[in-house]
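Shown next, in structure tokens, is the structure this report addresses.
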Amino acid sequence: MAENTIYITEAEIGTLIGQKTSPDAIIFLSGPTSLKTPLSVLKANDVITVNGSARYLLDNGVSPFIYVLTDSRFLIQRRDDFYEFSKSSRFTIVNRDVYEDASEEDKRYLEQHCFIIRPLYKREKGGVFKKLSLHWQASRNPHIHVRVPLSKRKRLVGFSTRISDGYCSCHTIAFTALQIAYSLHYERIVFSGLDLTGACTRFYDESNNPMPSELSKDLGKILPFFAFAQEVVGDLNVYNLSEDTAVDYRIIPHITPDVLSGYIPA
């Protein structure tokens, strides 16, 4: 299959939009505070989940709307889990790395049953010509927002409002999921488990093929992306359910389950 035919299209985004069942989306992540999100909230909204977080949802009767994977190690090391999570979700989205590192058998499954998204760049750092090319691409596409420093030492930041044009990667799948949710035109996008505190441990058991988290050391690279997204996307209504988070509430405001559900205690 030719590379330019494997990626998600604008028409396929329209298909996903047409299948939505709620105005809001919950992005269910791996941070420990995810376990504090009421199941009633998860069952009442479209849930976009990632990596091993899907296990908790399935064990508690929540069917994910979208399962997202961007770390190719997960498919390689936890293949059975990936297939279970993918087949138990309405839709699955993986990135180019997952596809390229997959076996030929798994590639056929990804092509037939999943949507594939492509990153707009490989690294936030890079040569001047690569950065100028990305800047030129963004200047011609209203859906791609990037701030490109000319210095090789400095990192670019970006946000894509239409994932069929590519997505801007940083060091957390949460940011990829945010771009997916925005592309699907949800009224509110709400993070569950966006903690990024301490050692950035995951709430689920990883005794089987653990994959060490590098989020704690990458925090300084991650936060500028969220701040940039809020700066350049005027209608980005994103919130955080976490009461223990390294993401300043001035960047992503806090919301409680009661407010999200429309119930305000007397």
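Residue indices begin at 1 and follow the sequence shown.
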**Prompt:** For the side chain of Ser192 and the backbone of Thr37, is there at least one donor-acceptor N/O pair under 3.5 Å apart?
**Reply:** no

**Request:** Would you check if Thr92 and Phe115 make a side-chain contact, meaning some heavy-atom pair closer than 4.5 Å?
**Result:** no

**Asked** To the nearest 0.5 Å, how far apart are CG in Asp248 and CG in Leu223?
**Response** 9.0 Å

**Asked** Can you name the closest pair of heavy atoms from Phe85 and Gly52 and give their distance?
**Response** CE1-CA, 4.0 Å

**Prompt:** Does the side chain of Ser242 come under 3.5 Å of the side chain of Asp195 through a donor N or O and an acceptor N or O?
**Reply:** yes

**Prompt:** Do Ile117 and Ile93 have side chains that get closer than 4.5 Å, going by heavy atoms?
**Reply:** yes

**Asked** Any chance CD of Gln112 has more than 12 other-residue heavy atoms, nucleotides or ligands included, within less than 6.0 Å?
**Response** yes

**Request:** Determine, step by step, whether Lys20 and Glu187 satisfy the salt bridge (charged side-chain N to carboxylate O under 4.0 Å, His left out) criterion, reporting the C-alpha distance in whole Å, the side-chain angles of both residues, the deciding distance to 0.1 Å, and the verdict.
**Result:** CA-CA 12 Å; Lys20 293 190 307 181; Glu187 294 179 12; over 6 Å; no

**Partner of Tyr186 by side-chain hydrogen bond (donor to acceptor under 3.5 Å, both in side chains), out of Asn45, Asp46, Asp24** = Asp46

**Complete:** What one should report as the nearest heavy-atom pair of Ile26 and Leu42 is CG2-CD2, 3.8 Å

**Message:** With a sphere of 6.0 Å drawn around NE2 of His143, does it hold more than 12 non-hydrogen atoms of other residues, nucleotides or ligands?
**Reply:** yes

**Asked** Strictly under 6.0 Å, is that where the ring centroids of Tyr83 and Tyr109 end up?
**Response** yes

**Request:** Check the surroundings of atom CG in Asn60: do more than 12 heavy atoms from other residues, nucleotides or ligands lie under 6.0 Å from it?
**Result:** yes

**Item:** Charged N-O contact under 4.0 Å between Arg118 and Glu100
**Value:** no

**Request:** Would you check, one step at a time, whether the test side chain to side chain contact (heavy atoms under 4.5 Å, CB included) holds for Leu236 with Gln230?
**Result:** CA-CA 6 Å; Leu236 182 62; Gln230 285 285 33; 4.0 Å; yes

**Pairwise side-chain contact, Ser261 with Val41, heavy-atom cut-off 4.5 Å (strictly under)** = yes

**Linked, directly or transitively: Val98 and Ile76 (ILVMFWY side chains, under 4.5 Å)** = no

**Gap separating the CG atom of Leu120 from the SG atom of Cys168, nearest 0.5 angstrom** = 5.0 Å

**Within 45° cone of Tyr99 ring axis and under 6.0 Å: Lys107 NZ or CZ** = yes

**Asked** For the residue pair Lys43 and Gly61, what are the closest heavy atoms and their distance?
**Response** CE-O, 3.8 Å

**Asked** Is there a path of hydrophobic side-chain contacts, each under 4.5 Å between heavy atoms of I, L, V, M, F, W or Y residues, that connects Leu196 with Tyr249?
**Response** no

**Asked** Between Phe65 and Phe91, does the ring centroid distance fall short of 6.0 Å?
**Response** yes

**Request:** For residues Ser53 and Val50, determine if any side-chain heavy atom of one lies less than 4.5 Å from a side-chain heavy atom of the other.
**Result:** yes

**Message:** Distance alone, cut at 3.5 Å: any donor-acceptor contact between the side chains of Thr70 and Asn95?
**Reply:** no

**Message:** Please evaluate residues Val68 and Ile173 with respect to the criterion side chain to side chain contact (heavy atoms under 4.5 Å, CB included), reporting the C-alpha separation (whole Å), side-chain torsions for both, the decisive distance (0.1 Å), and the verdict.
**Reply:** CA-CA 8 Å; Val68 182; Ile173 193 172; 4.0 Å; yes

**ring pair (Phe, Tyr, Trp, His ring centres under 6.0 Å) evaluation trace for Phe28 with Phe191** = CA-CA 6 Å; Phe28 191 78; Phe191 282 114; over 10 Å; no

**Asked** Going hydrophobic residue to hydrophobic residue with side-chain gaps under 4.5 angstrom, can you get from Leu156 over to Trp136?
**Response** no

**Asked** Are Ile13 and Leu184 close enough that some pair of their side-chain heavy atoms sits under 4.5 Å apart?
**Response** yes

**Message:** Please evaluate residues Cys114 and Ser86 with respect to the criterion side chain to side chain contact (heavy atoms under 4.5 Å, CB included), reporting the C-alpha separation (whole Å), side-chain torsions for both, the decisive distance (0.1 Å), and the verdict.
**Reply:** CA-CA 8 Å; Cys114 305; Ser86 174; 4.2 Å; yes

**Item:** Contact check, side chains of Asp235 and Tyr182, non-hydrogen atoms, under 4.5 Å
**Value:** yes

**Single-linkage hydrophobic cluster Leu39~Val47, side-chain heavy atoms < 4.5 angstrom** = yes

**Request:** Would you name the heavy atoms of Val238 and Leu178 that are closest together and state the gap between them?
**Result:** CG2-CD1, 3.8 Å

**Asked** Can the ring centres of Phe175 and Tyr167 be said to be less than 6.0 Å apart?
**Response** no

**Item:** Asp106 side chain vs Ala102 backbone, donor-acceptor pair below 3.5 Å
**Value:** no

**Request:** Identify the heavy atoms of Ile8 and Ile163 that sit nearest to each other, and give their distance.
**Result:** CG2-O, 4.0 Å

**Message:** Less than 4.5 Å apart, side chain to side chain, heavy atoms only: is that true for Asp101 and Leu75?
**Reply:** no

**Asked** Could you state the interatomic distance from OG1 (Thr176) to CD1 (Ile48), rounded to the nearest 0.5 Å?
**Response** 11.5 Å

**Prompt:** Do the non-hydrogen side-chain atoms of Asp81 and Phe74 ever get within less than 4.5 Å of each other?
**Reply:** yes

**Request:** List in chain and number order the residues that pass side-chain contact (heavy atoms from CB on, under 4.5 Å) with Ile255, two or more places apart in sequence or in another chain; answer none if no residue qualifies.
**Result:** Arg188, Val190, Tyr239, Leu241, Val259, Leu260

**Message:** If I take atom CG from residue Asn141 and atom CG from residue Asp165, how far apart are they, to the nearest 0.5 angstrom?
**Reply:** 4.5 Å

**Request:** Step by step, work out the side chain to side chain contact (heavy atoms under 4.5 Å, CB included) result for Glu243 and Thr33.
**Result:** CA-CA 7 Å; Glu243 296 178 348; Thr33 64; 5.7 Å; no

**Asked** Does the Gln19 side chain pair with the main chain of Leu16, one donor and one acceptor, at a distance under 3.5 Å?
**Response** no

**Asked** What is the ring orientation for Phe82 with Tyr67, classed by angle as parallel under 30°, tilted 30 to 60°, or perpendicular over 60°?
**Response** tilted

**Prompt:** If every non-hydrogen atom of Arg90 is compared with every non-hydrogen atom of Thr21, which pair is closest and at what distance?
**Reply:** NH1-CG2, 4.3 Å

**Asked** How many angstroms lie between atom CD of Glu10 and atom OG1 of Thr15, to the nearest 0.5 angstrom?
**Response** 11.0 Å

**Path from Ile17 to Ile189 over hydrophobic side-chain contacts below 4.5 Å** = yes

**Message:** I'd like to know if the side chain of Ser160 reaches the main chain of Ile144, judged simply by a donor and an acceptor atom lying under 3.5 Å from each other, with no hydrogens or angles considered.
**Reply:** no

**Prompt:** If you round to the nearest 0.5 Å, how far is CG of Leu29 from OG of Ser34?
**Reply:** 6.0 Å

**Message:** Are His145 and Phe159, when compared by the centres of their aromatic rings, separated by less than 6.0 Å?
**Reply:** no

**Message:** Tell me whether Arg79 is salt-bridged to Glu84, with the criterion being a basic N under 4.0 Å from an acidic carboxylate O.
**Reply:** no

